[in-house]
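One structure below.
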Amino acid sequence: MHGAGNDYVYVDCTKTSIENAGAVAKFVSDRHFGIGSDGLILIKPSDKADFFMEMYNSDGSRAQMCGNGIRCVAKYVYDYRLTDKKELAIDTLAGIKYIQLNVDPATDRVVSVRVNMGSPILKASDIPVNISGKDIEGITKDTIRDAVVSETLTVAGRDYQVTCVSMGNPHCVVFMDDDFDMDNFRIEEIGPLFENHEVFPERTNTEFVKVIDKNNLLMRVWERGAGETLACGTGCCASLVAAVLNGFAEDEAVLHVLGGKLNISWNRKENTVYMEGPAVTVFDGDIDISGIK
Ligand SMILES: N[C@H](CCC[C@H](N)C(=O)O)C(=O)O
């Protein structure tokens with residue numbers, strides 16, 4: 001399944017379990033010797049919510065949250081009749097997320113999925129990022145403490161203005177100039193240098209964003225543990241929050257990514273971010289993982 005081109009292999013683990021999930025993730029993600037994906041997502045039972053989403057990047061590392069992934073989990077459990085609910089609670093390492101399935105009544109097909117992604121985490125030490133931040137008033141009802149907004153980070157000898165946001169997983173958002181050539185940008189050269197920069201003790205996802213206007217942002221992303229993906233749900237949320245913090249966007253915007261579009265909004269009164277986007281099943285089948293160490 002994929003969400004705006006960000007594809008994962010999903011496994012129903014409500015009645016079975018996978019012990020070495022990191023190794024399985026590396027195997028299934030290989031686009032030549034495996035199935036081919038940006039990672040692996042296990043759908044597990046939960047005693048606190050309807051299901052638990054366990055997510056692994058293609059390098060086998062586990063992540064706290066996956067925006068495109070949780071939309072597909074919601075579609076999966078509905079389509080495969082693990083539930084008949086159209087409003088779901090799915091637990092993650094970033095807490096329980098509340099989801100609405102938009103289903104076409106004529107066909108019973110999931111048209112799109114809307115997720116309450118919770119509040120953005122902006123305190124530097126909670127991202128985590130070792131850059132000094134500043135307190136910000138007037139954006140949300142509470143003062144935002146020690147936020148990294150348009151601070152300078154030197155990468156490969158060049159200074160970048162970065163804004164750091166966590167959606168349960170770390171994001172470093174970099175706004176590019178109006179004349180920046182996003183199509184021919186060699187993200188594979190600079191992405192790993194941000195991902196593994198020493199200021200990010202848990203590495204980071206990095207979003208390179210161009211502002212089209214106050215309600216449209218263009219984004220490419222180098223994901224922690226996966227490289228460039230065609231979309232990143234948590235990264236789109238982080239980019240919208242960063243754009244509002246920098247005065248570049250209004251509270252709702254379309255995030256234009258290589259794999260499509262996501263609609264993101266930040267209800268600053270509630271201090272809640274909402275994401276709406278597609279979820280698509282490409283194929284299903286069985287895999288033999290017995291030989292994977
Ligand atoms: N690479 C991310 C996890 C996947 C996030 C992304 N695919 C999304 O849709 O949010 C991390 O290690 O934090």
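One-based numbering, in listed order, for ligands and for the atoms of each. Model, not experiment: these values are computed from the prediction.
- The part of Asn205 lying near ligand 1 is the side chain, judged by heavy-atom distances below 4.0 Å.
- By the criterion of a heavy-atom distance under 4.0 Å, the side chain of Met55, and not its backbone, is placed next to ligand 1.
- Close approach of ligand 1 to Gly67 (heavy-atom distance below 4.0 Å) involves ligand atoms 8 (C), 9 (O), 10 (O).
- Taking 4.0 Å as the cut-off between side-chain N and carboxylate O, Asp59 and Lys26 do not count as a salt-bridged pair.
- The environment of CZ in Arg186 is sparse: at most 12 heavy-atom neighbours from other residues, nucleotides or ligands sit within 6.0 Å.
- Note that Arg220 lies outside the cation-pi zone of Phe185, set by a 6.0 Å cut-off to the ring centre and a 45° limit from the axis.
- No N or O atom of Gln64 sits closer than 3.5 Å to an N or O atom of ligand 1.
- Near Ala63, the atoms of ligand 1 lying under 4.0 angstrom from a non-hydrogen atom of the residue are 3 (C), 11 (C), 12 (O), 13 (O).
- The shortest N/O to N/O separation between Gly233 and ligand 1 falls below 3.5 Å.
- At a heavy-atom distance under 4.0 Å, only side-chain atoms of Asn57, from C-beta outward, approach ligand 1.
- If you look at Tyr8 next to ligand 1, the close heavy atoms, those under 4.0 Å, all belong to the side chain.
- The N/O atoms of Pro170, backbone and side chain alike, include none that comes under 3.5 Å of an N/O atom in ligand 1.
- Closest approach of Pro45 and Thr14 over heavy atoms only: CD-CA, 3.7 Å.
- Of the heavy atoms in Thr234, both backbone and side-chain atoms come closer than 4.0 Å to ligand 1.
- At distances below 3.5 Å, at least one donor-acceptor pair connects side-chain atoms of Asn205 with backbone N or O atoms of Arg224.
- Within the 4.0 Å heavy-atom cutoff, Cys232 counts among the residues contacting ligand 1.
- For the pair Asn20 (side chain) and Ile292 (backbone), a donor-acceptor distance under 3.5 Å is present.
- Ionic pairing of Asp178 and Lys210 is not present here: no N-O contact between side-chain nitrogen and carboxylate oxygen is shorter than 4.0 angstrom.
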